[in-house]
2 protein chains.
Amino acid sequence: MARSTRESILTATAELMRHRGYGAVGMKDIAAASGAPIGSLYHHFRGGKVQIAREALVNAGAAYAMLIPTVVDGYTDLGAALEGVFEQAAQDMAATGFANMCPIASVAAEVADTVAELREVSAGIFTGWLDGGTAYFTARGLPAPTARQVTVALVAALEGAFVLARTMRDTEPLLAAGRVLGPQFRGVALTAAAPAPAP
Amino acid sequence: MARSTRESILTATAELMRHRGYGAVGMKDIAAASGAPIGSLYHHFRGGKVQIAREALVNAGAAYAMLIPTVVDGYTDLGAALEGVFEQAAQDMAATGFANMCPIASVAAEVADTVAELREVSAGIFTGWLDGGTAYFTARGLPAPTARQVTVALVAALEGAFVLARTMRDTEPLLAAGRVLGPQFRGVALTAAAPAPAP
DNA sequence: GTCTATATCCTGATAGAC
DNA sequence: GTCTATCAGGATATAGAC
């Protein structure tokens with residue numbers, strides 16, 4: 001529920017780019033979806049489309065950073081937790097008609113070679129996720145190297161499975177990824193959850 | 001090395017879209033990269049840009065379908081093979097300055113909600129990969145359900161790690177994914193390789 | 001079949017009245 | 001701060017000479 005014009009522009013942009021990526025979202029679309037006329041877009045964001053996308057990505061990245069801890073908090077076994085994350089993702093995606101996908105990866109893959117500034121922002125968000133996830137799993141009792149590897153593999157598999165699932169309109173990739181990643185860590189205990197870090 | 005005008009248009013398009021996706025590649029770019037003037041593009045592909053992209057994706061999809069079997073053929077242990085695939089991918093990506101990425105996922109993520117025809121083509125290619133990989137691992141002695149799960153998880157993790165690695169310009173995501181996926185299957189034997197199927 | 005010139009539309013961005 | 005009208009450039013696609 002964004003209140004200010006600025007915020008409504010950013011949330012509308014994140015939502016649009018989650019579905020259509022960067023290039024296919026026009027300033028006119030953002031104006032229509034946010035309720036603000038084109039002139040206001042440039043009034044609030046002097047840097048134009050790139051700046052709007054940049055700030056929308058940063059906001060969305062911060063929101064998504066809390067998703068994995070939120071799910072994993074409910075588990076005391078790492079293997080079960082990993083499977084749970086993928087099952088939750090599969091459920092969400094099916095519930096939204098296979099339209100749900102994080103805007104970061106969607107935009108990142110598209111602009112990695114074309115809009116340097118957005119690639120850099122996306123890279124920073126990914127780095128924050130990986131560092132934050134590592135800190136979280138370390139706080140839950142995993143050795144740091146394991147925590148890092150599990151986090152990186154989890155995020156990579158999730159993002160890839162999202163692409164397959166969305167394209168094929170089938171949750172199989174998410175469920176299969178969870179069933180392959182999870183069992184290896186069954187029996188690895190997670191200690192009591194500390195307050196989740198927000199990187 | 002494409003010989004005909006038609007072929008050179010398709011290979012140039014695949015190469016361009018591997019780097020820039022769908023929207024950011026213009027007909028003018030395709031004309032320049034292939035050496036064919038704009039008029040020839042429409043002479044050979046009456047359906048315009050969408051048809052060119054469609055055929056370029058199908059060609060590239062068939063080429064990529066053989067990559068995993070090519071690497072895995074060199075192994076007799078499934079765990080080592082999986083790690084080997086990710087190490088090979090990491091090496092390739094670093095060698096190309098983090099520009100290397102399969103054009104299918106790149107385009108698929110971008111057009112899943114905007115260009116129905118290309119989403120359908122991409123879905124067909126993914127399905128072909130998964131079916132082909134399952135058949136390959138089955139031929140190498142794995143039970144069918146395991147073969148399917150391993151294939152789906154492998155492709156999903158690869159594609160996701162590609163996005164992270166390309167954005168962060170770092171091979172860590174590929175290597176971490178390989179080191180998490182591989183160990184679970186160490187000790188699972190692959191029988192003598194049959195001729196790889198080309199789905 | 002090859003190639004040039006152009007038509008039509010849509011984009012991001014700006015100027016300036018309210 | 002809000003909003004409208006418009007600019008300049010680039011997109012896909014076409015027409016038609018060679």
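Lettering follows sequence order; numbering is per chain, from 1.
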Which pair of heavy atoms, one from [X] and one from [Y], lies closest together, and at what distance?
X: A:Pro183; Y: A:Gly178; answer: CD-O, 4.0 Å
X: A:Leu181; Y: A:Leu154; answer: CD1-CA, 4.4 Å
X: A:Tyr75; Y: A:Ala80; answer: CE2-O, 3.5 Å
X: A:Phe137; Y: A:Val72; answer: CE2-CG1, 3.9 Å
X: A:Met168; Y: A:Pro173; answer: SD-CG, 4.4 Å

| message | Tell me whether the NZ or CZ atom of B:Lys49 lies within the 45° cone about the ring axis of B:Tyr42 and under 6.0 Å from its centre. | response | no
For [X] and [N], what is the distance between atoms [atom1] and [atom2] respectively, to the nearest whole Å?
X: A:Lys28; N: C:dG12; atom1: NZ; atom2: P; answer: 10 Å
X: A:His44; N: C:dA13; atom1: NE2; atom2: P; answer: 16 Å
X: A:Tyr42; N: C:dA13; atom1: OH; atom2: P; answer: 4 Å
X: A:His43; N: C:dT14; atom1: NE2; atom2: P; answer: 15 Å

Students often get this wrong, so: under 4.0 angstrom with heavy atoms, is A:Val50 touching a base, only sugar-phosphate, or nothing? nothing
- Query: Just checking B:Gly26: base, sugar-phosphate only, or nothing, at a heavy-atom cut-off of under 4.0 Å?
  - Reply: sugar-phosphate
Contacted region of DNA chain D by chain B, from 5' end to 3' end of the hits, cut-off under 4.0 Å to heavy atoms, spans D:dT12 to D:dT14
Inset, instruction - Find out whether A:Thr171 and A:Phe98 are in side-chain contact, i.e. whether some heavy atom of one side chain is under 4.5 Å from a heavy atom of the other. - result: yes
How about A:Arg6 and A:Glu55: do any of their side-chain heavy atoms sit closer than 4.5 Å? yes
Here the helical stems involving DNA chain D, each at least 3 consecutive Watson-Crick or G-U pairs closer than 3.5 Å, sorted by first residue number, are C:1-18 with D:1-18
